[in-house]
There are 2 protein chains.
Amino acid sequence: MLKYILIFFFTLGTLGIYAQEHEEIRYVDISRFELLGKSDIADAVNFYRIDEALTAGFSERLKALSKNTAGFNVVFKTDASFITVKWELDRYKVLSNMTPIAVDGLDLYGWNDGKWQYVSSARPSGEENTWTFIKNMSGEMRHYRIYFPLYTGVKKMEIGIDPESTILPADGSLLPKRKIAIYGSSITQGASASRPGMAFTSVLGRKLNADIYNLGFSGSGKMEMEMAEALTGITPDLFVLDCVPNPSVEQIRTRTVPFVKTLRKAHPDIPVLMVESVFREHAHWDREWEKTVSGQNAAFRKAYLDMKEGGMDKLYYIGSEGLIGNDHEATIDGTHFTDVGHMRMADRLYPLIVEILPEDE
Amino acid sequence: MLKYILIFFFTLGTLGIYAQEHEEIRYVDISRFELLGKSDIADAVNFYRIDEALTAGFSERLKALSKNTAGFNVVFKTDASFITVKWELDRYKVLSNMTPIAVDGLDLYGWNDGKWQYVSSARPSGEENTWTFIKNMSGEMRHYRIYFPLYTGVKKMEIGIDPESTILPADGSLLPKRKIAIYGSSITQGASASRPGMAFTSVLGRKLNADIYNLGFSGSGKMEMEMAEALTGITPDLFVLDCVPNPSVEQIRTRTVPFVKTLRKAHPDIPVLMVESVFREHAHWDREWEKTVSGQNAAFRKAYLDMKEGGMDKLYYIGSEGLIGNDHEATIDGTHFTDVGHMRMADRLYPLIVEILPEDE
């Protein structure tokens, strides 16, 4: 039924620019190119954000989510006139508050005029997919970047180009040098960006020219001690903690200080930026939710102030005020950001991160 | 499988604020309240945008699309402490570049501080759905507005409230007086807004306090003469033609002038605003698409200039330049607007429409 409906819609001619074309195609496995978004604790072969060897103490949910490919992206250069992609998913999912392109699909960006410019998206329809991102290009040598799905796992990905064209690893000068690890909830994982490249972590990565490790775990960014221990295996230039939406007020009260201190003990010099939860839209109307979100943020802020008063340095904080604007139109459901919310979040974090991190190290 | 996955995701606790609650609920059919977005040619009982009696000459596709409820919304007031909704769809659809909430779901807005403020969305999971939009409210008397699904039909809708609370038709003073009919493609119909209230037509309606008739037909806004004839049955304060993306260059060349003249003949005093197609993102990379979109816009502009030179007054035009910004990040697939694109489109049309239409008539 699902398949039938998708096909029906495609025939309307309003959606795809083009699916698979019947021309000669040379496929190249993406393992040949630089995978970005993989931290020191990732399994880059299987595209797991956290290597299975490190997840023994995790809940089943966290184990599963650590295999979602949120944040991974691959960079290469080619003079092809078209770019096709084949990708195989661990599981094809449909979620009511996300587009299948964001959950299971891919985004292509091209390097143009000194910036990453959006080219097109690859549409998923099941576990095995083929899609032509773009064709009829001029064939000049250019860099491209493909973002992986936000909410499922990827088993394999191949890039298809004209047989006579060249495809090569990206120039080193184009690869980001700064590394930022962002730990959080479904919002960090990318719900409900319209497509993978629009998660605020992806937007920030392009704005800052930084390699971002997306460590958002839908419903599960609860500051467990096992997670803190796992994160000590990463050595970024900055840790961002965007993990207030999931834990209870009590969990925030008891877990925040030990969580931050665990990171700090392992990495005394890495700054930590703590981000409050966005004030959920329904919390403006539902008095119980209002109490919950206010309580979560208050507990997080208190933990920050306690650590600051205790003399911890390189610790930064950003409140929820204006995090995604004040027009109440930045979410799909009160909680999860649409692209409007993701862009505003990136715009809000950007100047603060530039202040914390030296310009071009 | 689909159902299983949705349920799996809900149990992650990150998505819903709450599904159906087991408390006593009084249901009221929405036919008791003012339905907005219904033009003079609509069938308000069956929620068809064009009455079946008028669609005899239409293609099967157009007939089917005229039964999608894009743009319909209902207004009422209540002092309930919670608002639940039951809605039955003609068909539950999943599209790769839209969220199920936008295709099949509903949005609730509340009147607050002199504005319509987003409250929450109702999540669909099949043809028959129940969802609690909000609860734990203070219970003061307020106005609310529910937007219908963008891409499917609705058979029935009921609002559920506390049995002891009151629910009444909206105050007349809150109902919009100006009426604007917008004819176009999938973009007008609302692809790929995150939820029904974020289609640019809905955003514009709130900004302008106008009743907007959404006459967008996915893949099918091709200026057929049968459609022009049907549209003459409407008497809005303004016609907006956003129908360049679907017809071929040749169709635009031959159909635009007769289409506009048909509207003008029936309604000599109603202004017409012609809107170019947004320049599709992939057209910056694909030389064939670049030719197509440039050709479509050039043909539409020429038709406009010919009519202006021919002495037609109250005819307005807006070019594609900056229609959805210049950062290339306003679409999900190069063509269909995310909320970023829809908000930018509304922001761009707003001042022009204010100029064309007298302030408060």
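So that the names make sense, note that chain A is the first sequence line, chain B the second, and so on, each numbered from 1.
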Segment of A/Ser81 engaging chain B (4.5 angstrom heavy-atom cut-off) =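 Contact with chain B: none, neither part.
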
Which bit of B/Met137 is near chain A, if near means a heavy-atom gap under 4.5 Å: side chain, backbone, both or neither?
->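 B/Met137 touches chain A through backbone and side-chain heavy atoms alike.
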
Structural part of B/Ser138 lying under 4.5 Å from a heavy atom of chain A |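 The answer is both parts of B/Ser138.
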
Look up atom CZ in B/Arg195 and atom OG1 in B/Thr99, then write down how far apart they are to the nearest 0.5 Å.
->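 Answer rounded to 0.5 Å: 10.0 Å.
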
Taking the six-membered ring for Trp and the single ring otherwise, decide whether the centroids of A/Tyr118 and B/His328 are under 6.0 Å apart.
->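 No.
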
Mind checking whether A/Phe133 and B/His282 have ring centres under 6.0 Å apart?
->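 No, they do not, as the ring centres are separated by 6.0 Å or more.
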
Can you tell me which of [options] forms the most heavy-atom pairs within a distance under 4.5 Å of chain A?
options	result
B/Lys115, B/Gln117, B/Glu290, B/His284	B/Gln117
B/Ile332, B/Val340, B/Asp104	B/Ile332
B/Ser121, B/Gly341, B/Ser194	B/Ser194

Looking at side-chain heavy atoms only, is the closest gap between A/Glu127 and A/Tyr92 below 4.5 Å?
->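 In short, these two side chains touch, coming nearer than 4.5 Å.
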
Just say parallel, tilted or perpendicular for the rings of A/His342 and A/Phe337, cut-offs at 30° and 60°.
->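 Correct class here is perpendicular.
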
